[in-house]
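Worth saying up front: this structure is predicted, and the values here are computed from it rather than measured.
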Amino acid sequence: VSRFKVGDEIFARPADFKIGAFAEYISLNENDVALKPKNISFEEAASIPLVALTVWQAFVEKAKLKKDQKVFIQAGSGGVGTIAIQLAKHLGATVATTTSATNIKLVNSLGANLVIDYKTQDFEAILKDYDLVLNNQDAKTLEKSLKIIKPGGKLISISGPPDVAFAKENGLSWFMKTAIFFLSRKVKQLAKKGNVNYSFLFMQANGKQLSEISSLIESGAIRPIIDTVFPFEQINEAMSYVESGHAKGKVVIKIK
C-alpha cells in the first residue's frame, strides 16, 4: 500500500467478488479506497460508496450529463435517488423524480425541480422530451420510461436487463452473451423504435471516482441521507427494514 498510511480515515465499496462489509475486518485493494470526507461521520461515509459510485458512473462516465439537460430519476427518496438528485443538480441538470407524498419535502430539499407522487400520478403522462432516465425499477416502469425520452436520448438501467455490451465488457461466455441478448431483446427493440440509447450499468469499485465524490461532499454539493443506523447485532432487523421498501436514503450497520 502506497497511497494510504496507518491512521487514515477511509471509505470504500469492495470490488466485485470481494464483498463482505458486514464484518469487523475486510481486506481491500488500495485502488478501491478513498480518504473519507472530513465533514461527515463514519456512519454517513458508509452510506455513500455503493450509491454514489453508481450514480457517478451513470451520469458522468456513461451519460456525460450536461448543464440544462433534463433527467428523470425514479424513486427519488431511495438510496440511489437521494444521491442521484444531488449529483444531477450539481451538474446543472433539471431533475424530475417520483416518490410518495410523505417524501416530497425531502426530494425538494435535495434539488428536485418536478416531483411526481407515484401513488396518484402517472409520470409517463406528465413528462416528455427528457435527455436521460435513470431506471432502478421493474420492467414495466422501464418500458414506460422509454416513452418520455426524446429522440437521441439515453436510458441507463441499474436494475436490468443487462445488455450485450455489458456481457462483452465483462468477458462473459458465448452462452451468457446469447442469454443476455434474448433477455434484453424486447427493451432494445423498444428503445430502437424511439431512437433511444439503452444501456445497463453494473457499478464497479473505483477509488479515484470515490475521491471525486468525497470532494463534492466536503464542498457541500452532496450530503448523505440516512434513514436508520442499526447496531451490528440487529443485522436481520436491518435487512428486513430495507426489504420493506420504506427506507428514506440509506440504512447503515454500525459495527462498534
Side-chain angles (χ1 to χ4, degrees), residues 9-14 19-24 26 34 36-59 71-90 95-121 123 134-138 141 158-159 201 203 205 210 213-214 216-218 220-256:
E9 296 185 346
I10 61 170
F11 70 149
R13 195 279 190 183
I19 60 174
F22 290 175
E24 292 175 287
I26 185 171
K36 179 183 78 68
K38 295 183 178 66
N39 60 332
I40 63 175
S41 67
F42 274 107
E43 289 78 17
E44 290 173 314
S47 75
I48 290 292
L50 174 64
V51 291
L53 284 171
T54 297
V55 173
W56 181 276
Q57 289 167 20
F59 289 173
V71 57
F72 173 49
I73 297 164
Q74 298 163 3
S77 61
V80 171
T82 52
I83 301 300
I85 291 171
Q86 295 179 80
L87 180 59
K89 290 301 294 183
H90 172 73
V95 178
T97 191
T98 51
T99 191
S100 62
T102 55
N103 294 323
I104 289 176
K105 186 176 180 180
L106 169 63
V107 296
N108 277 332
S109 73
L110 298 176
N113 300 97
L114 175 60
V115 183
I116 297 166
D117 181 351
Y118 74 90
K119 293 183 178 179
T120 62
Q121 298 174 293
F123 71 83
L134 180 62
N135 177 73
N136 58 14
Q137 302 292 298
D138 56 21
T141 305
I158 61 175
S159 59
L201 172 66
M203 188 276 299
L210 203 53
I213 293 163
S214 181
L216 292 181
I217 294 171
E218 290 186 339
I222 292 176
R223 61 184 172 93
I225 305 296
I226 293 180
D227 184 299
T228 309
V229 177
F230 285 86
F232 183 67
E233 295 76 18
Q234 294 182 12
I235 287 179
N236 288 341
E237 291 86 345
M239 295 299 290
S240 295
Y241 182 59
V242 170
E243 289 172 358
S244 74
H246 298 308
K248 295 182 284 293
K250 295 295 289 181
V251 174
V252 175
I253 299 295
K254 185 177 173 115
I255 302 292
K256 294 181 180 179

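Taking the side chain as every heavy atom from C-beta outward, Ile40 and Phe11 never approach each other to under 4.5 Å. Between Lys256 and Glu24, some side-chain heavy-atom pair lies under the 4.5 Å cut-off. Side-chain contact between Lys254 and Val252 is absent, with no heavy-atom pair separated by less than 4.5 Å. Considering only heavy atoms from C-beta on, Lys89 comes within 4.5 Å of Asn113 through its side chain. With contacts defined as side-chain heavy-atom distances shorter than 4.5 Å, the pair Phe59/His90 does not qualify.
Contact detail for Leu210 and Pro49: the closest heavy-atom pair is CD1-CA, 3.9 Å. In this structure, Leu50 and Lys250 approach most closely via the heavy-atom pair CD2-NZ, 4.1 Å. Nearest heavy-atom pair, Ala84 versus Leu134, reported as atom, atom and distance to 0.1 Å: CB-CD2, 4.1 Å. For Val71 against Ala88, the heavy-atom pair with the smallest separation is CG1-CB, 3.9 Å. Contact record, Asp227 with Ala247: OD2-CA, 3.3 Å, taken as the closest heavy-atom pair. Summarising the geometry of Glu43 relative to Val229, their closest heavy-atom pair is CG-CG1, 4.2 Å, with the distance given to 0.1 Å.
Separation of atoms OG (Ser109) and CG (Asn103) is listed at 10.0 Å; rounding is to 0.5 Å. Rounded to the nearest 0.5 angstrom, Lys119 NZ and Thr98 OG1 are separated by 12.0 Å. Atoms NZ and CD, from Lys36 and Glu218 in turn, are 8.5 Å apart once rounded to the nearest 0.5 Å. The CG atom of Leu201 lies 10.5 Å from the OG atom of Ser159; values are rounded to the nearest 0.5 Å. Taken to the nearest 0.5 Å, the OG atom of Ser77 stands 6.5 Å off from the CG atom of Leu106. Taking OG1 of Thr99 as the start and CD1 of Ile85 as the end, the distance is 8.0 Å to the nearest 0.5 Å.
Results of the side chain to side chain donor-acceptor pair (under 3.5 Å) test with Asp138 over Thr141, Asn135, Asn136 single out Thr141 as the only residue that passes. For the side-chain contact (heavy atoms from CB on, under 4.5 Å) with Ile213, the qualifying choice from Leu53, Leu87, Ile83 is Leu53, the only one to do so.
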**Report entry** Step-by-step side chain to side chain contact (heavy atoms under 4.5 Å, CB included) determination, Gln86 to Leu216
**Finding:** CA-CA 10 Å; Gln86 295 179 80; Leu216 292 181; over 6 Å; no
Requested in this report: I would like to know whether Val51 and Met203 meet side chain to side chain contact (heavy atoms under 4.5 Å, CB included); could you show each step before the answer?
Outcome: CA-CA 9 Å; Val51 291; Met203 188 276 299; over 6 Å; no
Requested in this report: Test Ile253 against Phe232 for side chain to side chain contact (heavy atoms under 4.5 Å, CB included), laying out the working first.
Outcome: CA-CA 6 Å; Ile253 299 295; Phe232 183 67; 4.2 Å; yes
Query - Working for side-chain hydrogen bond (donor to acceptor under 3.5 Å, both in side chains), residues Arg13 and Thr54 - result: CA-CA 11 Å; Arg13 195 279 190 183; Thr54 297; over 6 Å; no
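Put simply, the side chain of Glu44 gets close to the backbone of Ser41: a donor and an acceptor are under 3.5 Å apart. A donor-acceptor contact shorter than 3.5 Å links the side chain of Thr97 to the backbone of Ile73.
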